[in-house]
Number of protein chains: 2
Amino acid sequence: MSDKQTFSISELAKEFDVTTRSVRFYEDQGLLRPSRRGQTRIFSSKDRVRLKLILRGKRMGFSLAETKELFDLWDETLSGNEKQLLLMLETLARKRDQLEQQKNDIAQAEMEMETAEARCREALEELQKKKQQATA
Amino acid sequence: MSDKQTFSISELAKEFDVTTRSVRFYEDQGLLRPSRRGQTRIFSSKDRVRLKLILRGKRMGFSLAETKELFDLWDETLSGNEKQLLLMLETLARKRDQLEQQKNDIAQAEMEMETAEARCREALEELQKKKQQATA
DNA sequence: AAAATACTTTACGTTTACGTAAACTTTATC
DNA sequence: GATAAAGTTTACGTAAACGTAAAGTATTTT
């Protein structure tokens, strides 16, 4: 199934639950590079991986431009010149800091949500007591 | 320092490194509710907390509308009626699922960045070897 | 061969989250 | 009392990420 070689635009759109409009937009912005049979786009499994990365990036709050930068940088990195390799390492380090920040944010949010939930449950119990008193 | 009771718009903007424009915009959208002395906004420490939450929300990929919903919901929750309490609990549960998803995304991203970094380092070592061969 | 289906390009519209400028008031400083 | 500094409202502008037609092509199904 997933080791399929090529994909139509609607196959990808369906699989990842996005519109074809979005997929075409991502190509427009240089994030995907499908080949063509006539006019029709043919997406490779590499495109598929990239689409997955794009969407994960979005969920993590990355802009398309940021994601594109990473893609481009990685492509150049593969060309194997030293300067590009070092640049990539720097970029990776910065992104890691971002991820650390996000993990902190999430941890904080989780804690606050736990205390919020606890308060809700307490308040609910209070209400139950009053109900019982009313019936007594 | 931080137990100050009131804040001017520029104090808050400076502390959180945002523009006054943004702060006013957040008020416009109903996320902050400063009082006034004449025309001038006076922010409470509650507003300050909310601003912090807004910005963390943004880093986590939340829209202002989403954050506002949470604020409003929490305000109504405090009014203590049962329906609101249950609604809040539901909402908290959904948000938790979101956080789980984000944690997964981050974990994945971290793994991929590690392998990317490893590849870079390998490629660099290759280059070093070739350099040595060239000098030999 | 007619109709439905899937794809295409072009292009204007929309929402979010502000930026930026203009014109004005209030408060602090020299 | 002038002038700078910090605040205000009003309003138009903008970048990002698509939505939404319009109008056409290509293929498949009936």
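So you know, we letter chains A, B, ... as the sequences are listed, proteins then strands, and number each from 1. Heavy-atom basis, side chains included; hydrogens, waters and symmetry copies ignored.
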Q: Among the candidates C:dA11, C:dT20, D:dA17, find the nucleotide nearest to the side-chain atoms of A:Ser63.
A: D:dA17

Q: Starting from P on D:dA26, measure out to CD1 on A:Ile9 and report it in whole angstrom.
A: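 It works out to 18 Å between those atoms.
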
Q: In this structure, how many angstroms lie between the P atom of D:dT9 and the CZ atom of B:Arg21, rounded?
A: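 Roughly 11 Å, once rounded to whole Å.
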
Q: Let me know the distance between CD of A:Glu11 and C1' of C:dT5, rounded to the nearest Å.
A: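 Taking CD of A:Glu11 and C1' of C:dT5, I get 15 Å after rounding.
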
Q: Please give, in whole Å, the distance from D:dG7 P to B:Leu12 CG?
A: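 My rounded result for the distance is 10 Å.
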
Q: Any side-chain N or O of A:Ser8 under 4.0 Å from OP1/OP2 of C:dC7?
A: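 Result: yes.
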
Q: Quickly work out the A:Lys68 NZ to D:dA16 P distance and round it to whole Å.
A: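 Distance, rounded to whole Å: 13 Å.
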
Q: Please check the phosphate of D:dA17 (OP1 and OP2 only) for any side-chain N or O of A:Tyr26 closer than 4.0 Å.
A: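 A:Tyr26 to D:dA17 OP1/OP2: no side-chain N or O under 4.0 Å.
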
Q: Pick the closest DNA chain D nucleotide for A:Arg37 and for A:Lys58 by heavy atoms, then say which residue is nearer the 5' end.
A: A:Lys58

Q: Whole Å only: how far is the CG atom of B:Leu32 from the C1' atom of C:dA17?
A: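 My rounded result for the distance is 14 Å.
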
Q: In plain terms, say whether A:Arg96 and A:Glu100 are close enough for a salt bridge, that is, a side-chain N and a carboxylate O under 4.0 Å apart.
A: no

Q: With a cut-off of less than 4.0 Å, is there a side-chain N or O of B:Ser22 near OP1 or OP2 of C:dA17?
A: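 False: B:Ser22 side-chain N/O out of range (4.0 Å or more) of C:dA17 OP1/OP2.
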
Q: Tell me the interatomic distance from B:Asp17, atom CG, to C:dC18, atom P, rounded to whole angstroms.
A: 13 Å

Q: Between atom CD1 in A:Ile54 and atom P in D:dA17, what is the gap in whole Å?
A: 11 Å

Q: For D:dT8, does either OP1 or OP2 sit under 4.0 Å from a side-chain N or O belonging to B:Arg41?
A: yes

Q: What's the shortest heavy-atom distance between B:Glu66 and B:Phe62, and which atoms?
A: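 It is OE1-CA, 3.4 Å.
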
Q: Would you mind telling me which of C:dT9, D:dG19, D:dT8 lies closest to the side-chain atoms of B:Arg36?
A: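 In terms of side-chain proximity for B:Arg36, the closest of C:dT9, D:dG19, D:dT8 is D:dT8.
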
Q: When we call it a touch if two heavy atoms are under 4.0 Å apart, what does B:Thr20 touch: a base, just sugar-phosphate, or nothing?
A: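 Contact class for B:Thr20: none.
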
Q: State whether A:Arg36 and A:Glu27 are salt-bridged, where the test is any N-O pair (Lys NZ or Arg NE/NH1/NH2 against Asp/Glu carboxylate O) under 4.0 Å.
A: yes

Q: Examine distances only and state if a side-chain atom of A:Asp47 and a backbone atom of A:Ser44 form a donor-acceptor pair shorter than 3.5 Å.
A: yes

Q: For B:Gln29 and for A:Thr40, find the nucleotide of DNA chain C with the closest heavy atom, then tell me which residue's nucleotide is more 5'.
A: A:Thr40

Q: May I ask you to establish whether B:Arg50 and B:Phe71 are in a cation-pi arrangement, using a distance under 6.0 Å from NZ or CZ to the six-membered ring centre and at most 45° from the ring axis?
A: yes

Q: By nearest atom, which of the nucleotides D:dT9, C:dC7, D:dG19 is closest to the B:Gln39 side chain?
A: D:dT9

Q: Hey, does the side-chain of A:Arg24 have a donor or acceptor N/O within less than 3.5 Å of a partner on the base of C:dT8?
A: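 Donor-acceptor pair under 3.5 Å: no.
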
Q: By nearest atom, which of the nucleotides C:dA17, D:dA17, D:dT8 is closest to the B:Phe25 side chain?
A: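 For the B:Phe25 side chain, the nearest candidate turns out to be C:dA17.
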
